Amino acid sequence: MRLSDYFLPTLREDPAEAQIVSHRLMLRAGLVRQASAGIYSWLPLGLRVLRKVEQIVREEQDAAGAQELLMPTIQSADLWQESGRYDGYGKEMLRIIDRHDREMLYGPTNEELITDIFRQTIRSYKDLSKILYHIQWKFRDEVRPRFGVMRGREFLMKDAYSFDLDYESARRSYNRMFVSYLRTFARMGLQAIPMQADTGPIGGDLSHEFIILADTGESEVYCHKDYLTYDALSEVATDDSDLASTVEKWTSLYAATDEKHDAAQAGELGESLISARGIEVGHIFYFGTKYSKAMGATVTGPDGDDLFPEMGSYGIGVSRLVGAIIEAYHDDDGIIWPDSVAPFSVGVINLRTGDADCDAACEDIVQKLEAAGQDVLYDDRDERAGAKFAKMDLIGLPWQVIVGPRGLKNGVIELKRRATGDREELSVESALSKLCA
RNA sequence: CGGAGUGUAGCUCAGCCUGGUAGAGCACCGUCUUCGGGAGGCGGGGGCCGGAGGUUCAAAUCCUCUCACUCCGACCA
């Protein structure tokens, strides 16, 4: 992609409304634009990141045995009246009346709808267990949206729902999601810590929040410092005992959010206790038969009896993750994308657009990188070097290939790693082989 | 939902107190000189000052209402 053609409206100054660093950088780097309070348009660069995050979530859900479907954003109030939540959910639910005076709503979550789909289709215990998920926009009419996409009213969420015949099996589904969440966040470069959490209005008695430590986090959290050194990517549990032992390992040390914090218990950790602020990027619940009973979802059991399936739900804030990743990876110059979610893998900077040698060298490099499957953003604009460096640092692509007349005279170009700032002068060939390794 | 603010050019802001018909920097367009970390000169375009009503000879400025947005707190899968 040529930067001269690309729709990338960056800002040189900080927008007045943005308080936290991720919000400022998302606006400045041209990722999003605010449409109204807590509602954002995703511009091309931001959408690329959102899609990358979404895809990692999808791959890990699939790997955990969950199956993707897609439910609508607009739901009928009827289902919510059945579950009893239509009145209980409160003003956070955006209610809509259609032309026939039917009560509709913009879904804040999907337990009712998925339970309805389940009861219409699954009849036998033999069809269990099932984990179904979708990645869909949600709307919660927050009283006070803030922090950009971190606490928007409209947000993209992955929500999965499990259906099992008994507690033991439900617990296995829970564990599967638990381990898959560890892997999902780790692939994005985030150290997410599972913490005991309140189950809130959604109900149930087993729940973990996945929290990333960050100064701008909304909640106060406490945990054992050893969590920071755990490696989630090595967790590839597939069978029951592996799952259970992984979950055991990740839940045995103290970790709790404010609501569940036990000062006495935490005090025993002494200097191993970390007290920090955290961003919630995922939340998993086991809630048993709450919805299956309320909505009459049953399967026929081995003895011919009607049985209520045991359920759980599992959420990941996909759009929030984009902000959370920036909170974790930035410096004074801009964003520093982890390779796995970067909107482009390489930025090629032509320091002297119009110079025949520079142009030819850049065209050649871009063509070869793209042929090797790299996503390349080529800054071919007629701008000064400083402006190009500043913009490339701001948008935070992992690698920069810097091509200028000075280096070309000596047969070299420069390869810069955004995260460390390290630069090395290389021949075009060795730079290419390094990038495509 | 309580409390506090802010709405003036694409962005950051000045002007408002003390009414006299709108400014700066950056961005944008043209041009010249520049050219390895957001250069400089010259010229140019762009705003019914959030909206409605009122006071006045005259309102960005004073008054009333309203809308939007932001911040602190409460709330919050």
Side-chain angles (χ1 to χ4, degrees), chain A residues 9-20 23-24 27-28 30 33-39 85 88-93 107-111 138 140-148 150-153 155 157-161 177 181 195-204 206-211 218-219 257-259 279-287 290 312-317 320 332-334 349-355 358 379 381-395 400 402-410 412-414 416 421 423 425:
Chain A
T10 56
L11 302 172
R12 219 166 136 166
E13 291 174 273
D14 287 330
E17 76 264 22
Q19 293 300 306
I20 65 169
H23 191 194
R24 280 203 299 272
L27 292 166
R28 283 195 54 207
R33 280 294 160 91
Q34 181 166 328
S36 60
I39 302 178
R85 283 208 292 180
Y89 213 91
K91 290 189 172 176
E92 287 209 352
M93 187 154 71
T109 177
N110 285 63
E111 280 82 4
K138 305 291 189 294
R140 293 181 193 172
D141 198 359
E142 301 282 351
V143 189
R144 179 148 110 81
R146 62 188 119 170
F147 305 149
M150 301 269 278
R151 191 169 191 75
R153 291 194 292 169
F155 56 97
M157 174 165 134
K158 184 284 299 181
D159 40 321
Y161 304 91
M177 286 292 119
Y181 275 35
M195 302 196 179
Q196 302 169 43
D198 262 342
T199 52
I202 210 146
L206 179 57
S207 174
H208 286 91
E209 284 182 29
F210 288 77
I211 302 275
E218 284 198 88
S219 39
T257 59
D258 217 2
E259 301 85 23
I279 300 166
E280 179 190 348
V281 289
H283 200 154
I284 60 178
F285 301 86
Y286 160 75
F287 47 71
K290 174 173 169 151
S313 76
Y314 315 89
I316 289 179
R320 173 181 285 184
D332 289 345
D333 294 324
I349 298 178
N350 185 342
L351 287 180
R352 190 72 61 83
T353 299
D355 175 274
C358 288
D379 191 345
R381 297 171 305 153
D382 185 18
E383 288 284 347
R384 295 170 61 84
K388 295 191 177 193
F389 288 135
K391 184 147 177 162
M392 201 57 86
D393 284 347
L394 174 63
I395 65 175
Q400 298 174 11
I402 301 164
V403 180
R406 203 170 72 193
L408 282 185
K409 215 171 293 175
N410 303 316
V412 295
I413 58 172
E414 202 170 299
K416 174 179 161 185
R423 311 142 163 271
E425 296 201 326

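No experiment lies behind these values; they were computed from the predicted model shown. The sequence lines fix the lettering, A, B, ..., with proteins before strands; numbering per chain opens at 1.
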For B:rA59 and B:rA22, measure between their P atoms and round to the nearest Å. 13 Å
Are any of the side-chain heavy atoms of A:Phe210 and A:Ile284 separated by less than 4.5 Å? yes
Test item: A:Met150 and A:Glu218 side chains (from C-beta on) under 4.5 Å apart, heavy atoms: no
Quick one: are A:Glu17 and A:Leu27 in side-chain contact, heavy atoms under 4.5 Å? yes
Check every strand shown and say whether A:Asp14 touches a base, only sugar-phosphate, or nothing at a heavy-atom separation below 4.0 Å. sugar-phosphate
Show each protein N/O and nucleotides 22-27 of chain B N/O combination with a separation under 3.5 Å, one pair to a line.
unit_1: B:rG25; atom_1: N2; unit_2: A:Glu13; atom_2: OE1; d: 2.9
unit_1: B:rC26; atom_1: O3'; unit_2: A:Arg12; atom_2: NH1; d: 3.3
unit_1: B:rA27; atom_1: OP1; unit_2: A:Arg12; atom_2: NH1; d: 3.2

Expressed in angstrom and rounded to an integer, what is the separation of A:Arg28 atom CZ from B:rU12 atom C1'? 12 Å
Quick one: list whatever passes ring-ring contact (aromatic ring centres under 6.0 Å, His included) with A:Tyr314, sequence neighbours left out. none
Between A:Arg24 (side chain only) and A:Gln19 (backbone N and O only), is there a donor and an acceptor less than 3.5 Å apart? yes
Now, which nucleotide makes the Watson-Crick or G-U wobble pair with B:rU64, with each of the two distances under 3.5 Å? B:rA52
Is B:rC57 paired to anything, Watson-Crick or G-U wobble with both distances less than 3.5 Å, and if yes, which nucleotide? B:rG20
Any strand: nucleotide that pairs with B:rU70 via Watson-Crick or wobble, under 3.5 Å: B:rA4
Base-pairing mate for B:rC75 - Watson-Crick or G-U, with both contacts under 3.5 Å: none
Whole-Å P distance, B:rG44 and B:rG25: 14 Å
Could you list, one pair per line, each protein nitrogen or oxygen that sits under 3.5 Å from a nitrogen or oxygen of nucleotides 70-74 of chain B, together with the distance?
unit_1: B:rU70; atom_1: OP1; unit_2: A:Gln34; atom_2: NE2; d: 3.2
unit_1: B:rC72; atom_1: OP2; unit_2: A:Arg144; atom_2: NH1; d: 3.3
unit_1: B:rC72; atom_1: OP2; unit_2: A:Arg144; atom_2: NH2; d: 2.6
unit_1: B:rC72; atom_1: N4; unit_2: A:Arg144; atom_2: NE; d: 3.3
unit_1: B:rA74; atom_1: N6; unit_2: A:Arg146; atom_2: NH2; d: 3.2

Checking A:Gln34 now: which residues fulfil side chain to side chain donor-acceptor pair (under 3.5 Å) with it, not counting sequence neighbours? A:Tyr40
Side chain to side chain donor-acceptor pair (under 3.5 Å) partners for A:Arg153, two or more places apart: A:Asp141
How far, in whole Å, is B:rG54 from B:rU61 if one measures between their P atoms? 14 Å
Could you measure between the two P atoms, the one in B:rU64 and the one in B:rU6, and give it in whole Å? 15 Å
Separation of the P atoms in B:rG40 and B:rC49, to the nearest angstrom: 32 Å
Applying a 3.5 Å limit to both distances, which nucleotide forms a Watson-Crick or G-U wobble pair with B:rC35? none
Pairwise P distance for B:rU66 and B:rU21, with rounding to whole Å: 32 Å
Measuring only between side-chain heavy atoms, which start at C-beta, is A:Asn350 closer than 4.5 Å to A:Asp379? no
Are side-chain heavy atoms of A:Asp393 and A:Gln400 found at a separation under 4.5 Å? yes
Under 3.5 Å on both distances, the Watson-Crick or G-U partner of B:rG45: none
Using atom P in both nucleotides, what's the gap between B:rA9 and B:rG19 to the nearest angstrom? 24 Å
Over all strands shown, is A:Lys416 touching base, sugar-phosphate only, or nothing at heavy-atom distances under 4.0 angstrom? base
With distance as the sole test, does A:Arg28 use its side chain to make a donor-acceptor pair with the main-chain N or O of A:Leu11 at under 3.5 Å? yes
Quick check against the 3.5 Å criterion: does A:Thr353 have a side-chain atom that pairs as donor or acceptor with the backbone of A:Arg381? yes
Base paired to B:rC26 (Watson-Crick or G-U; both N/O distances under 3.5 angstrom): B:rG10
Determine, for A:Glu111 against A:Arg85, whether the closest basic-nitrogen to carboxylate-oxygen distance falls under 4.0 angstrom. yes
For each nucleotide in nucleotides 31-36 of chain B, reading 5' to 3', give B when a protein heavy atom comes within less than 4.0 Å of its base, S when such contact involves only the sugar-phosphate, and - otherwise. ---BSB
How do A:Tyr161 and A:Pro15 order along RNA chain B: which one's closest nucleotide is nearer the 5' end? A:Pro15
Please measure how far the C1' atom in B:rG47 lies from the corresponding atom in B:rG7, and state the result in whole Å. 14 Å
Report yes if the side chains of A:Glu142 and A:Glu92 come closer than 4.5 Å at any heavy-atom pair, otherwise no. yes
Which is more 5' along RNA chain B, the nucleotide nearest A:Asp333 or the one nearest A:Asn110? Just name the residue. A:Asp333
